[in-house]
Number of protein chains: 2
Amino acid sequence: MTAHSHAKPDLTKNQGLVFGALTGAEGPLTAYAILDLLRDDGFRAPLQVYRALDKLVEIGLVHRLESLNAFVACSHPVDCGEHKTAAFAICEDCGKVDEFAPDAALQSLQAWSRQEKFALAKTTIELRGTCANCTTS
Amino acid sequence: MTAHSHAKPDLTKNQGLVFGALTGAEGPLTAYAILDLLRDDGFRAPLQVYRALDKLVEIGLVHRLESLNAFVACSHPVDCGEHKTAAFAICEDCGKVDEFAPDAALQSLQAWSRQEKFALAKTTIELRGTCANCTTS
DNA sequence: CCTATAACGTAACACTATAACATTTCGGAG
DNA sequence: CTCCGAAATGTTATAGTGTTACGTTATAGG
Ligand SMILES: [Zn+2]
Ligand SMILES: [Zn+2]
Ligand SMILES: [Zn+2]
Ligand SMILES: [Zn+2]
């Protein structure tokens, strides 16, 4: 592993291609949209995309948007270290996604989990609505 | 249809069947699981299920779980009136879902929306983990 | 080199959801 | 009662999303 490369050092070819497609996109992409984008790069089957996505999500470079069945590149700096649970505000007009850290909401949900003795593993928070840009325009 | 069914009065036949399937189930059901449950009642195509589900979700009797692509009957009393956004704790062990009102979390997310001028339309909050019952057993 | 592991390629399949179009049901206007 | 429009329904086909299965290839460590 090279010393201080701020690029993703350990991505394989397919993972790099998928991650590139996501970072190059304005908004989230479905797995099949990614597949179409990467046909010229040799992608032929959805599994190639899903396998890369699985790894990228596991690493934390990509998030899955459950309410869209789509994926988006993490908007955090590469080396922000511990990437806590993120929340997403999805504009239903322009399709853009704003990722943010819902600290207070998370604390409240963790408190609920403690009280109910629910062993929390993963939290999904997705907001749907219209972004400021689309409201004013 | 019998006289004084204490079921919701304004449901159509298909809506009633689908709602009955969901209330009779231990946990959430996918649309196709509902379809299979209702084959003996004349259901033949997914659209029959999806149409009923659309209406039931619109009415507020049923919730869609985005992270499961499944549906669950609302656990609130039928006439609880304004049904605010609900949150769901999904046990990955037994599959049961606990619906609750995440008031504090919602307030925090609404505050974020105000600050970002994001016109919030719908909020999805889904917790994954292991319920108390499955942890102790 | 040898081997274990991860990544990759390909085809087939399973699951989730909607489009399109015809038909039926039902309540209100005339 | 009859007519009409809206809502609900029935049916077929198709689109979109995700996984299983199996075989091959690249990679790193001993
Ligand atoms: Zn992120
Ligand atoms: Zn927008
Ligand atoms: Zn509810
Ligand atoms: Zn459980």
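The shown structure was predicted, so the numbers you read here are calculated from the model rather than taken from an experiment. Excluded from the calculations below are hydrogen atoms, water molecules and symmetry mates; all remaining heavy atoms, backbone and side chain alike, are included. Order of the sequence lines sets the chain letters (A, B, ...), proteins ahead of strands, with each chain counted from 1.
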Is the backbone of A:Ile90 close enough, under 3.5 Å, to the side chain of A:Glu126 for a donor and an acceptor to pair up by distance?
no

Run through the side-chain heavy atoms of Ile, Leu, Val, Met, Phe, Trp and Tyr, join any pair under 4.5 Å, and report what else lands in A:Leu127's cluster.
A:Phe100, A:Leu109, A:Trp112, A:Phe118, A:Leu120, A:Ile125, B:Phe100, B:Leu109, B:Trp112, B:Phe118, B:Leu120, B:Ile125, B:Leu127

Do other residues, nucleotides or ligands put more than 12 heavy atoms under 6.0 Å from B:Asn133 CG?
no

With rounding to the nearest 0.5 Å, note down the distance linking CZ in A:Arg64 to CG in A:Leu53.
9.0 Å

Under 3.5 Å donor-acceptor, B:Gln107 side chain and B:Ala104 backbone:
no

Identified side-chain contact (heavy atoms from CB on, under 4.5 Å) counterpart of A:Leu29 within the set A:Asp36, A:Val18, A:Leu37, A:Leu35
A:Leu37

Members other than B:Leu106 in its cluster, when Ile, Leu, Val, Met, Phe, Trp, Tyr link by side-chain heavy atoms under 4.5 Å?
none

Which residues in residues 26-35 of chain A have a heavy atom closer than 4.0 Å to any atom of DNA chain C?
none

Can a side chain N or O of B:Asn69 be found less than 4.0 Å away from OP1 or OP2 on C:dA17?
yes

When you measure from every atom of DNA chain C, which of residues 42-58 of chain A have a heavy atom less than 4.0 Å away?
A:Arg44, A:Ala45, A:Leu47, A:Gln48, A:Arg51, A:Lys55

In this structure, would B:Leu65 and B:Ile34 fall into the same cluster of hydrophobic residues linked by side-chain contacts under 4.5 Å?
no

Separation of A:Lys122 NZ from B:Glu92 CD (nearest 0.5 Å):
9.5 Å

Chain B reaches DNA chain D, atoms under 4.0 Å from its heavy atoms, from D:dA8 to D:dT12

Under the side chain to side chain donor-acceptor pair (under 3.5 Å) test, which residues partner B:Asp41, sequence neighbours left out?
none

